[in-house]
Amino acid sequence: MKVHERIDTRLREFIAAQPMFFVATAPSGPGGHVNMSPKGMAGTFVVLGDHRVAYLDYHGSGAETIAHLDDNGRITLMFCAFQGPPNIVRLHGRGRAVPVTEPEFAELLRLFPAPPDTHGVRSIIEVTVDRVSDSCGYAVPLMSYEGDRDLLLRSHGRRSDADLAEYRRVKNAVSIDGRPIFAP
């Protein structure tokens, strides 16, 4: 494993080439559930600087990342090479969720050069990276990338803004540990 001072050009190019990444968060204290989520879709992740990244957070069945970031801010993002030379890059840092309902959301959204349809985005997760590392990835399997799924975008495309607000209020009101998220 090697720890890097920053997200340099080589790491930025590696991150940009990966079609998916993983997000890990956990609540404070000894209780609660650790969350690990796969993320993908071209145009939903952006490196904003040597120590700053962001990704588009679409409506989903849970909102654990938002709950955990509100609790303690800790987050780790992991990128694995499933093609080409083996490598795993981890970005450790402090994150925050900027909900679609906040004025700052529109400012951050402009920093994504080629996002897919953003109608179903519920927040932007912005991360200040304080540790950058990579490791061998020798045991990560080689897999072929066939393309992004369009199911999430098609599903959200059938919902109005009011429908999505109701989804957040009902289905994303609390985390699996009972922490309020989009509760009224």
Side-chain angles (χ1 to χ4, degrees), residues 12-26 33-48 53-70 75-84 87-91 95-102 104-106 108-127 137 140-177 179-184:
R12 186 181 294 241
E13 289 171 358
F14 173 80
I15 288 168
Q18 305 318 307
M20 74 177 293
F21 61 99
F22 299 87
V23 176
T25 58
H33 293 83
V34 174
N35 187 58
M36 170 77 71
S37 297
K39 303 291 181 187
M41 290 197 301
T44 61
F45 187 90
V46 64
V47 177
L48 299 171
V53 299
Y55 70 88
L56 302 178
D57 177 48
Y58 285 80
H59 287 82
S61 58
E64 304 314 299
T65 299
I66 294 171
H68 295 160
L69 293 179
D70 185 54
I75 187 167
T76 300
L77 308 172
M78 183 177 75
F79 301 81
C80 298
F82 294 108
Q83 297 177 341
N87 194 18
I88 300 170
V89 171
R90 289 180 182 87
L91 306 176
R96 67 185 185 113
V98 179
V100 67
T101 54
E102 296 294 321
E104 187 182 0
F105 178 86
L108 284 172
L109 186 58
R110 285 193 287 275
L111 301 175
F112 289 81
D117 183 355
T118 58
H119 173 67
V121 175
R122 66 181 169 197
S123 69
I124 293 174
I125 305 297
E126 182 183 25
V127 180
V140 174
L142 290 169
M143 295 191 289
S144 297
Y145 173 65
E146 294 181 30
D148 290 340
R149 295 179 193 264
D150 67 350
L151 296 172
L152 184 68
L153 297 179
R154 285 191 297 135
S155 172
H156 293 326
R158 293 189 295 267
R159 295 183 169 119
S160 69
D161 289 343
D163 293 336
L164 291 172
E166 180 69 2
Y167 187 100
R168 288 189 302 273
R169 190 186 70 74
V170 173
K171 296 192 178 196
N172 294 157
V174 296
S175 73
I176 59 175
D177 295 322
R179 184 169 181 80
I181 307 168
F182 291 109

Colleague: Which pairs count as ring pair (Phe, Tyr, Trp, His ring centres under 6.0 Å) when at least one residue sits in residues 144-163, sequence neighbours excluded?
Modeller: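 Found His59-His156.
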Colleague: Taking all heavy atoms of Leu77 and all of Tyr55, pick out the closest pair and write down the distance.
Modeller: CD2-CE2, 4.1 Å
Colleague: Return the minimal non-hydrogen interatomic distance between Ser123 and Ile66, and the atom names on each side.
Modeller: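 Scanning both residues, the minimum pair turns out to be OG-CD1, 3.7 Å.
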Colleague: What distance separates His119 NE2 from Leu153 CG, expressed to the nearest 0.5 Å?
Modeller: 10.5 Å
Colleague: Against Lys39, only a single residue in Phe21, Phe22, Tyr58 fulfils side-chain contact (heavy atoms from CB on, under 4.5 Å); can you say which?
Modeller: Phe21
Colleague: Taking C-beta and beyond as the side chain, do Val89 and Gln18 meet within less than 4.5 Å on heavy atoms?
Modeller: no
Colleague: For the side chain of Glu64 and the backbone of Thr25, is there at least one donor-acceptor N/O pair under 3.5 Å apart?
Modeller: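 Looks like no, no N/O pair under 3.5 Å.
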Colleague: Counting distance only, does the side-chain N/O of Asp148 pair as donor-acceptor with the main-chain N or O of Ala42 below 3.5 Å?
Modeller: yes
Colleague: Could you pull out the closest heavy-atom pair between Phe112 and Leu108, with the gap in Å?
Modeller: CD1-O, 3.5 Å
Colleague: Take Ile124 and Leu56, measure what side chain to side chain contact (heavy atoms under 4.5 Å, CB included) needs, and give me the verdict at the end.
Modeller: CA-CA 5 Å; Ile124 293 174; Leu56 302 178; 3.8 Å; yes
Colleague: Heavy-atom distance under 4.5 Å between the side chains of Ile125 and Leu69, does that happen here?
Modeller: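 The answer is yes; the side chains approach within 4.5 Å.
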Colleague: Would you say the side-chain atoms of Arg168 pair up with the backbone N or O of Phe182, donor to acceptor, closer than 3.5 Å?
Modeller: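 Not a single qualifying donor-acceptor pair exists.
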Colleague: Closer than 3.5 angstrom, by distance alone: can the side chain of Gln83 be matched with the main-chain N or O of Met143 as a donor-acceptor pair?
Modeller: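 Indeed, once roles are kept as given, a pair shorter than 3.5 Å links the two residues.
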Colleague: For Ile88 and Cys80, work out which heavy atoms get closest and say how close.
Modeller: CG1-SG, 4.2 Å
Colleague: Is any side-chain heavy atom of Phe79 less than 4.5 Å from a side-chain heavy atom of Leu91?
Modeller: yes
Colleague: Testing the basics here: between Val140 and Ala81, what is the closest heavy-atom pair and its distance to 0.1 Å?
Modeller: CG1-O, 3.5 Å
Colleague: Can you check whether Leu164 reaches Arg122 side chain to side chain, under 4.5 Å on heavy atoms?
Modeller: no
Colleague: Tell me, do Thr65 and Asn35 make a side-chain contact under 4.5 Å, heavy atoms counted?
Modeller: yes
Colleague: If I compare all heavy atoms of Val34 with all of Ala26, which pair ends up nearest, and what's the gap?
Modeller: CG2-CB, 4.0 Å
Colleague: Is it true that a side-chain atom of His68 and a backbone atom of Ala24 form a donor plus acceptor pair closer than 3.5 Å?
Modeller: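 Not confirmed, His68 side chain does not pair with Ala24 backbone.
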Colleague: For the pair Asp177 (side chain) and Arg179 (backbone), establish whether a donor and an acceptor sit closer than 3.5 Å, ignoring hydrogens and angles.
Modeller: no
Colleague: What's the spacing between Lys171 NZ and Ile181 CD1 if we round to 0.5 Å?
Modeller: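 It comes to 14.5 Å.
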Colleague: Quick check: does any side chain N or O of Asn172 sit under 3.5 Å from a backbone N or O of Tyr167, one acting as donor and the other as acceptor?
Modeller: no
Colleague: Hey, could you give me the CZ/CE distance between Arg90 and Met78, rounded to the nearest 0.5 Å?
Modeller: 6.0 Å
Colleague: Using the salt bridge (charged side-chain N to carboxylate O under 4.0 Å, His left out) criterion, which residues pair with Asp150? Sequence neighbours excluded.
Modeller: Arg154
